[in-house]
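Residue numbers start from 1 in every chain, and the chains themselves are labelled A, B, ... in the order their sequence lines are given, proteins ahead of strands.
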Amino acid sequence: MRFKKIILIASIIISIILTSCTGSRELDNLGIVLTTGIDKVDGQIILTHEVVVPKSNVSDRGNDQPNIEYVQSSGDTVFDATRNASLFFDRKLFLAHNRNIILGEELAKEGIGQIINFYVADNEPRETVILLVAKGSNAYDVMGINGGLANSPSRYLSDLIGNYRVNLKTRDFTFHEFLRYFLQGENVVISIVEEIEALEVNKDVEKPSKTALDVAGGAVFRKDKLIGYFNGEEMKGFNFLVDEFENGLIVFETPDELVKDSIFTATRGEYTVLEVKSSKVKKNLEIKDEKLHLTIDVKVVGTLLENTKGLNISNKDMLEAIKSAASNQVKEYITMTMEKAQKEFKVDSFSIGNLVHIKYPHLWREISDEWESIFPDLDYDVNVSTDLIRHGLINTPVNIKLGEDRLKENK
Amino acid sequence: MKATITSKQTIALMTTSRIALAISIMPTINIRPHNQDTWIVVLLSIAYTHIMMAPLLFLANKFKDMTMIGYLDIIHGKVIGKLVGFLYGIYFLGEAFNSSTIQSELIASSILADTPEALVVICMMVTCIYVVSRGYETALRASEIVGPIALFIILVLLLLGLNNFKYYFLQPILADSTFLDINLGAIELSAYYTDIFILTMLIPYLENKEDIIKIFSKSTIYALGLLAIIVVICQITLGIEYLKHSNFPFLLYVRSIDIFEIFERIDSIAVMAWMITSLTRISGFLMISVAAFSEVFNKDNREKIILPIVGLILSATTLWIINTRSVIMYRGDLNMIRVVSFIAFVIVLPIITCFVYFIRRKSIESSSRHN
């Protein structure tokens with residue numbers, strides 16, 4: 001009984017003193033970092049942090065001041081620079097909510113292997129943070145820009161990257177993915193961001209333009225060094241090649257013969273747009289004439305949602321011609337990207353080397369060290385088949401009427 | 001009244017205890033052939049584990065009414081038996097110490113980085129000592145309840161990484177490893193299956209003593225089967241090389257989960273599974289260590305003298321080590337000690353004991369009948 005009393009008293013005391021306060025971090029003491037920009041100037045690491053000020057503190061600061069603060073610090077290493085910020089900024093930087101890490105172009109060209117170690121070793125930064133390169137500028141140049149409706153520039157940037165699901169001219173590339181491929185010895189293509197001028201439509205604003213961010217394209221790395229960029233269209237090809245193309249658009253010129261041969265086709269308008277519902281890419285390697293040959297088979301399933309020429313899609317032949325034109329466009333995306341990778345960058349960013357390893361492990365052992373010199377001369381074929389499974393809410397395009405008018409005129 | 005424990009409870013304890021290592025440091029990934037064929041090594045080690053544990057299982061089946069410390073006394077005689085029993089007690093304590101330092105380091109470097117190590121160790125050890133002090137029945141019943149919860153959490157976490165899976169990391173199969181590498185890896189991995197001692201020390205309390213082989217086989221298959229799944233999923237999520245470079249691979253895997261924008265930052269759920277399994281492992285080995293010392297020094301379990309002493313030694317050494325060095329960084333060096341002690345305690349000593357048993361079988365059997 002006495003023992004039980006002791007246990008009871010001890011439990012009460014423990015529940016009072018152990019209230020999870022040990023090692024606690026109060027919101028008022030933290031500088032919650034939302035985006036980090038990393039640059040290198042004269043051998044010093046320059047870190048620019050976008051730090052959010054909690055709402056209650058914003059009211060203290062007055063309504064005219066934003067709830068975002070930018071903190072720039074320098075040091076010999078990333079960790080050193082992060083801690084140096086505490087010499088003049090009154091909050092300890094808290095990296096667990098960081099959404100984006102932006103790398104300045106110069107730093108990325110020099111190599112990022114030496115600066116990423118801190119983000120892997122420390123428990124605070126998350127591996128799910130998005131990694132980007134500031135195209136043509138320093139990282140801090142593209143920070144602090146909010147061209148949308150997001151409540152912070154950081155959110156604006158991460159939302160733009162998140163939109164890759166509907167616009168495959170870019171990609172969502174996390175720090176975790178970078179490490180996964182980088183340590184595996186593969187070359188990576190990561191997201192980019194650049195500053196652009198956008199037209200200001202709001203007439204209440206004096207300036208005719210506003211600053212926004214553009215994330216179309218991808219930064220191509222050889223090992224840990226930036227060597228160039230894919231543009232938005234090439235990124236479509238890249239996303240097909242790595243089999244991650246879903247919900248993107250294939251925009252292609254409507255074949256001329258369709259216009260000539262059909263009286264139900266209007267002549268106005270040039271393009272037809274297919275929204276990809278799903279795509280499957282199979283890459284197959286063979287040895288032909290003692291040389292490696294790559295066959296890329298793509299199967300695209302999509303919806304025909306925009307048809308500017310007024311094509312009669314209920315006509316079977318016309319539908320086949322559209323499918324063929326869409327397939328040709330996909331082939332062009334892929335070829336364009338492969339050509340740039342082989343001829344300009346001379347780097348395999350599509351894990352084709354890994355395919356050799358899987359299919360011909362013995363051969364891979366012999367050629368793995370020379371793969372970078374073999375890849376630029378790799379022969380390949382692209383075969384694309386397209387299926388249209390939906391046509392939207394109408395069965396003929398609105399401007400089909402123009403075709404009928406043309407018919408009357410001809411009579 | 002003598003405590004009785006069921007086969008299910010023992011299987012739950014042994015499986016949970018084995019999984020503790022897998023979801024903390026996952027030693028499997030540093031075992032040869034260090035590549036995508038590791039899951040084959042894990043499955044193959046089920047067979048090797050049975051082969052290597054055969055002497056212990058044989059002896060356990062021969063002496064169903066006593067712990068291994070008890071039959072060491074009978075086979076080797078009082079003096080040598082007590083000495084070997086004492087060494088086994090230290091070995092079990094070493095296993096508990098190994099787990100407690102790994103778990104303390106995991107907490108200190110990832111989950112509660114700013115919390116004093118002393119507080120972490122004290123909280124952990126008080127819990128384990130309390131569990132052990134309640135006796136075998138309570139400890140085993142607890143593991144029967146919480147063990148499946150931990151295993152369920154692990155399985156759910158493994159499914160949540162689905163959008164990150166890159167299956168090609170598992171290829172090519174059996175192309176980069178030799179037959180020798182795979183077999184040596186499987187043998188090396190079997191050396192981590194020391195949980196058999198939990199069974200050999202609990203045999204007198206088993207409800208059904210005919211189930212010894214069944215308990216061992218089931219717990220081995222469950223634990224290594226789940227380990228193979230964990231290894232495969234971590235490899236296809238993190239890649240072979242990234243996984244090899246991480247100190248706490250499963251934690252890293254959980255940190256990479258980001259699905260439907262709902263399931264992210266769910267490390268705390270993993271911590272729940274990790275706490276259950278690691279506390280089960282430490283308690284399990286502490287329990288059999290105390291039982292071994294109690295038997296060597298002829299102390300009744302109810303006297304509760306051994307437990308505070310052993311618990312204090314374990315807490316103090318854990319505290320000392322984690323404040324002086326990183327156990328995980330030096331595990332390459334410690335591996336040699338672990339392998340040598342495994343060979344000594346799991347293979348050599350049981351084989352010698354079997355050999356002596358066969359030589360002295362008649363006298364042992366007659367004295368057993370006499371008793």
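In terms of heavy-atom proximity, B/Ile236 sits nearest to A/Arg180 at O-NH1, 3.9 Å. Shown here for A/His357 and B/Pro172, the closest heavy-atom pair between the two residues is O-CG, 3.4 Å.
Both the backbone and the side chain of B/Thr237 have a heavy atom closer than 4.5 Å to some heavy atom of chain A. Only the side chain of B/Leu252 comes within less than 4.5 Å of a heavy atom of chain A; its backbone N, CA, C and O stay farther away. Heavy atoms closer than 4.5 Å to chain B are found in the side chain of A/Tyr181, but not in its backbone. Contacts of B/Asp176 with chain A are made by both backbone and side-chain atoms, with heavy-atom separations under 4.5 Å. Only the side chain of A/Ser351 comes within contact range of chain B, judged by heavy atoms closer than 4.5 Å.
Proximity to chain A among residues 155-167 of chain B is limited to B/Asn164, B/Lys166, judged by heavy-atom separations below 4.5 angstrom. Heavy-atom proximity under 4.5 angstrom to chain B picks out A/Pro361, A/Arg365 from residues 359-372 of chain A.
A/Glu177 places none of its side-chain heavy atoms less than 4.5 Å from the side chain of B/Tyr242.
Rounding to the nearest 0.5 Å places CG of A/Asp122 at 11.0 Å from OG of B/Ser110. Atom CG of A/Asp243 and atom OH of B/Tyr168 lie 11.5 Å apart (nearest 0.5 Å). Rounded to the nearest 0.5 Å, atoms CD (A/Glu127) and CD1 (B/Ile257) are 11.5 Å apart. In this structure, CD1 in B/Ile240 is found 12.0 Å from CG in A/Leu183, a value given to the nearest 0.5 Å.
Remark: the backbone N or O of B/Ser256 is not paired with any side-chain donor or acceptor of A/Arg126 at under 3.5 angstrom. Using a distance-only test at 3.5 Å, with no hydrogens or angles considered, a donor-acceptor pair links the side chain of A/Gln184 to the main chain of B/Glu241.
Heavy atoms from other residues, nucleotides or ligands lying under 6.0 Å from OH of B/Tyr130 number 12 at most. Around CZ of B/Arg265, the count of heavy atoms belonging to other residues, nucleotides or ligands within 6.0 Å exceeds 12. Around the NZ atom of A/Lys92, the shell of radius 6.0 Å holds more than 12 heavy atoms that belong to other residues, nucleotides or ligands. Annotation for A/Phe94: atom CZ counts as buried by contact number, over 12 foreign heavy atoms lying within 6.0 Å.
Chain A forms the most heavy-atom pairs under 4.5 Å with one residue out of B/Asp258, B/Ile173, B/Asp267, and that residue is B/Asp267.
Checked against B/Gln171 for a side chain to side chain contact (heavy atoms under 4.5 Å, CB included), the options A/Leu355, A/Asn354, A/Ile358 give a single hit: A/Ile358.
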Dump the intermediate steps for side-chain contact (heavy atoms from CB on, under 4.5 Å) on B/Arg255 and A/Thr128, then the final yes or no.
CA-CA 8 Å; B/Arg255 283 167 68 98; A/Thr128 46; over 6 Å; no
